[in-house]
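Quick notes on the structure that follows.
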Amino acid sequence: MPERGALTLIFVAALVATVPLFAGDFWVSLTIKILVLGLLALSVDLLLGHAGLLSLCHAAFFAMSAYTVAILQVRYGVPMLIAVPAGLAMGTLLALVFGVSVRTRGVYFILVTIALGFIVWGVTYRWASFTGGDNGITNVPYPAIGDFQITSMTAYFYVVLLVVLGCVLAYRTLVRSPFGLVLRGLKSSESRMRSLGYSPLRHLYVAFVLSGFMASLAGVLYIYFNRFVNPATAHFHISVEAVLMAILGGTGTILGPFLGSVVIMVLRNWVSGFFPYYMTLMGLVFIVTVLFAPNGIIGLVNSWRARRARRAKTTDAVGTEPEAQPRPQP
Amino acid sequence: MRAGTANSAALELTGVTKRFGGLVAVDDVSLTVRPGERHILIGPNGAGKTTLFNCITGTFWPSSGQIRFFDVDVSRLAERDRARLGIGRTFQISNVLVELTVSENLILAVLGRDRRKWMMHKPFADLGAVADSVGTALATVRLDHRLNDPVASLSYGERKQLDLALALAMEPRALFLDEPCAGLAPSERQRVSQIIGELPDDITVVMIEHDMDIALRLAERVTVLHQGQVIFEGSPDEVETDTQVREVYFGSG
Ligand SMILES: Nc1ncnc2c1ncn2[C@@H]1O[C@H](COP(=O)(O)OP(=O)(O)O)[C@@H](O)[C@H]1O
Ligand SMILES: [Mg+2]
């Protein structure tokens, strides 16, 4: 029986499901991008918000699965039922290798992941005979199982929504499990955790691979939406954007990365249409967030609600207890 | 109780040495602690007490020498493996999981030696038996009323109590307490020393303590460390009259 938190997520998904009923293709397509990039941001936030590791290589897993699917389908005519698992497997395999980065911490972890991300980007860009270089791989077929093909944007929108909802519910189970708690324990004090019998390396490695798997899944959803892939998909820029989404929306939460995705995607895809300085605006939004809402949009809402609850309490009670402090952010 | 013969030692150090570059922080220390013993380690600041604890608990390996824990050579074991053998510790400066709640801290302590720390499909809040261990550990350190509070709202004294509860919740065979009363107000020191006095008899306790009143009240054996070396080992009565100890420790000739 799903309890309140899960029901909230299902309710939000149901709201999102109404978008095609009143909005045109532009908005449906934008919502797909928000969901897919939001999923990527959520995968980044498993490491950032729970384990306390800031990864800047997640575009690599995203692109790895997208390229794998594209190359298999376009070059070798492999059907989707095989191309998709292969894409997920390749992205996850890459995460198994890149997972060695959890041997480092802090600035070194960030630098190592940046370097790993650039390796993948470099390959997509330079190994032109295989990856198509700058042009990438075009004409990826519509998603199809046998004769059943999804060609309409709206139909694919619902596929994406369902997959993302499934992912989010699984993610929620994961972060509420003992495993998720261990990650937060490691974020708080590795030395204490070690003395309690934990191996930080093992837990962080598994978390890294799970996170890479999620990013790969986002890549698969992306390739059947975009139907072409080029080196921009693997670029550092995408990795950074995913991190910004998580921070903007609120790390360590589930809706946060998706809210961050809404803000950034609306700026990038809609505001950019009539406001040429949208990048500058994005920078400003980010700075304002870090300065005035370090816990993101969700943090802002929570502290506003806590303040309201406290005010309600002080009016009808004399002695009040101090409120729980918000979790400090990295 | 398994492992080892009836009269085997809980802890046996032979020639343990730890160097940091040119500095010999722990110098050829040999020491035996019986199971269930209350053993106090004293010595001036910088004597190497914490470093010796770190060698025993596995924060780092000794440069040379051997550490046996209930007849198992642990000198080259990883910290987590020593924890699994039953070595629990607290820290001189409280080391608790500040971003979490008290109960989350303790659940992690209970799961440290448990395979369920890898469980991914069930909420940690639903692990039934864990709650009992959590409750017992909290009751022992008298923090029951703080169960659901964030650690960030705890006073420093309460954090030191929680630090002790974490070590207890992992059900250790031996506890290594690094100055459990350091930095506490007199009333808090009183409480903590009382808690330590009431610890179950079957847990071996090795404790670093500066407060001589507390130390000598709890101790069955006392070891004095000075510049990395053991300069005295004996009963609490003997330590007060030992002239060498008086010189280096009490600063009077
Ligand atoms: N990790 C370390 N690296 C280098 N020197 C250290 C380290 N830990 C302790 N020391 C040095 O070892 C000596 C003993 O320190 P410590 O064991 O903390 O003493 P105590 O706990 O008895 O006050 C000190 O001189 C200290 O500076
Ligand atoms: Mg010390």
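Chain naming here is simple, since letters A, B, ... match the order of the sequence lines and numbering starts at 1 in each. Keep in mind that the numbers below use all heavy atoms, side chains included, and drop hydrogens, waters and symmetry copies.
Interface remark: of the candidates A/Ser188, A/Ser191, A/Ser189, A/Ser188 forms the most heavy-atom pairs closer than 4.5 Å to chain B. Chain A forms more heavy-atom pairs under 4.5 Å with one residue of B/Ile87, B/Thr57, B/Leu97 than with any other, namely B/Leu97. Chain A forms the most heavy-atom pairs under 4.5 Å with one residue out of B/Arg116, B/Arg82, B/Lys122, B/Arg84, and that residue is B/Lys122. When the candidates A/Gly180, A/Ser199, A/Pro178 are compared by the number of heavy-atom contacts under 4.5 Å with chain B, A/Pro178 comes out ahead. When B/Pro172, B/Gly112, B/Ala167 are compared by the number of non-hydrogen pairs under 4.5 Å with chain A, B/Gly112 comes out ahead.
Side-chain atoms of B/Arg89 and A/Ser195, non-hydrogen and from C-beta on, do get closer than 4.5 Å to each other. At least one side-chain heavy atom of B/Asp163 sits less than 4.5 Å from a side-chain heavy atom of A/Arg192. Two residues are said to be in side-chain contact when any heavy atoms from C-beta on lie closer than 4.5 Å; B/Leu108 and A/Met193 meet this criterion.
Heavy atoms closer than 4.5 Å to chain A are found nowhere in B/Val151, neither backbone nor side chain. Using a 4.5 Å cut-off between heavy atoms, B/Met170 touches chain A through its side chain atoms alone.
In this structure, B/Lys117 forms a cation-pi arrangement with A/Tyr198, its terminal cationic atom sitting closer than 6.0 Å to the ring centre and no more than 45° off the ring axis.
Interatomic distance, B/Asp126 CG to A/Ser177 OG, rounded to the nearest 0.5 Å: 11.5 Å. In this structure, CD on B/Glu79 lies 6.0 Å from CZ on A/Arg194, to the nearest 0.5 angstrom.
Ionic pairing of A/Lys187 and B/Glu99 is present here: one or more N-O contacts between side-chain nitrogen and carboxylate oxygen are shorter than 4.0 angstrom.
A 6.0 Å sphere centred on CZ of A/Arg103 holds no more than 12 heavy atoms belonging to other residues, nucleotides or ligands. More than 12 heavy atoms of other residues, nucleotides or ligands sit less than 6.0 Å from atom CD of B/Gln92. Other residues, nucleotides and ligands contribute at most 12 non-hydrogen atoms within 6.0 Å of the OH atom of A/Tyr108. More than 12 heavy atoms of other residues, nucleotides or ligands sit less than 6.0 Å from atom CZ of A/Arg105. Under a cut-off of 6.0 angstrom, the local environment of CD1 in B/Ile93 is sparse, with at most 12 non-hydrogen atoms contributed by other residues, nucleotides or ligands.
Listed by first and then second residue, the side-chain hydrogen bond (donor to acceptor under 3.5 Å, both in side chains) pairs that reach into residues 128-143 of chain B are B/Arg142-B/Glu198, sequence neighbours excluded.
Against chain B, the residues from residues 200-216 of chain A that qualify, each with a non-hydrogen atom under 4.5 angstrom away, are A/Arg202, A/His203, A/Val206, A/Leu210 in number order.
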What verdict does the side chain to side chain contact (heavy atoms under 4.5 Å, CB included) test give for B/Leu100 and A/Leu181, after you've listed the backbone C-alpha separation in whole Å, the side-chain angles of each residue and the deciding distance to 0.1 Å? CA-CA 9 Å; B/Leu100 307 182; A/Leu181 182 62; 4.2 Å; yes
Derivation and outcome, side chain to side chain contact (heavy atoms under 4.5 Å, CB included), residues B/Leu111 and A/Val182: CA-CA 9 Å; B/Leu111 291 178; A/Val182 170; 5.6 Å; no
